[in-house]
Structure formats: structure tokens, C-alpha cells
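Report on one structure; see the data block that follows.
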Amino acid sequence: SESIKNLNSLTLLDISVNKIGKDGAKFLGECVENLNSLTSLNISKTHHSAHSSQTDPKSYADSFKKLCERIKNLNSLTLLDISDNSIGAHGAKNLSESIKNLDSLT
């Protein structure tokens with residue numbers, strides 16, 4: 001919801017085991033942009049998949065790329081869990097680019 005964007009002191013966001021799809025990935029990207037205190041982001045088992053029968057692969061890839069672009073600014077992030085998602089080669093490349101300078105990740 002829009003209210004997540006205003007939770008500036010939020011340190012943990014766990015939306016695991018939800019089918020968020022491309023629209024959810026896009027919205028999540030918009031939300032995390034303002035969550036500068038976030039230390040833990042768990043999006044495991046959210047069925048991120050560029051090959052889902054319900055998702056246009058190009059559209060999904062664009063949404064996931066935007067999420068990755070926002071993640072790279074989360075300088076307080078120490079934990080990022082994206083396990084059990086099929087993000088594909090492009091998703092992995094986008095993610096690796098976005099986290100390469102996040103020295104806080106453990």
C-alpha cells in the first residue's frame with residue numbers, strides 16, 4: 001500500500017511467500033526507494049519469474065530491473081533474501097550490478 005512509502009524508520013520488510021508478479025515488483029521498487037533505514041529485505045518465494053505463464057517476460061524484466069535499481073541505494077541493507085525465485089540471467093545480472101557496491105550486505 002501507499003503507506004509503506006512513508007515508513008522511514010522501517011528496518012525489516014518481509015513479503016516472502018507471496019505472488020507479487022510484475023506489478024508487485026514495480027510497486028516494491030517504488031516503496032523501497034524511500035526506506036533508507038531498511039536493513040533486511042526478504043522477497044523469497046515471491047514467484048519472481050521471467051517465464052511465468054501469467055507474465056509478459058519483457059514487462060516483468062523491466063519491473064525487476066527497476067526494483068534492482070532502487071535496491072542499490074539501500075546503504076543500510078545487511079540482508080537481502082531472494083531465494084526460490086526464477087529471475088533468469090538478465091535478472092541475475094541486474095541484481096549483481098545493483099548490489100556490487102552495497103558493502104553493508106553480509
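Side chains included, hydrogens not; waters and symmetry mates left out as well; all remaining heavy atoms used.
Atom CG of Leu105 is separated from atom CD1 of Ile99 by 6.0 Å, given to the nearest 0.5 angstrom. The distance from atom CG of Asn94 to atom NZ of Lys66, rounded to the nearest 0.5 Å, is 12.0 Å. To the nearest 0.5 angstrom, Asn18 atom CG is 11.0 Å from Leu28 atom CG. With rounding to the nearest 0.5 Å, the separation of SG in Cys31 from CD in Glu33 is 10.0 Å. One finds the CG atom of Leu67 at 9.5 Å from the CD1 atom of Ile82 (value rounded to the nearest 0.5 Å).
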Might you work through the side chain to side chain contact (heavy atoms under 4.5 Å, CB included) test for Leu102 and Leu80, ending with a clear yes or no? CA-CA 11 Å; Leu102 289 180; Leu80 175 62; over 6 Å; no
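Between Asn6 and Asn34, every side-chain heavy-atom pair lies at or beyond the 4.5 Å cut-off. Looking only at side-chain heavy atoms (C-beta outward), Leu95 and Cys68 come within less than 4.5 Å of each other.
Between the side chain of Asp14 and the backbone N or O of Ser16 there is at least one donor-acceptor pair closer than 3.5 Å.
Glu69 meets the side-chain hydrogen bond (donor to acceptor under 3.5 Å, both in side chains) test with no other residue; sequence neighbours excluded.
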Please list every donor-acceptor pair under 3.5 Å in which a side-chain atom of residues 72-79 meets a protein atom from a residue at least two apart or in another chain.
from: Ser76; atom 1: OG; to: Asn36; atom 2: O; distance (Å): 3.3
from: Thr78; atom 1: OG1; to: Thr39; atom 2: O; distance (Å): 3.1

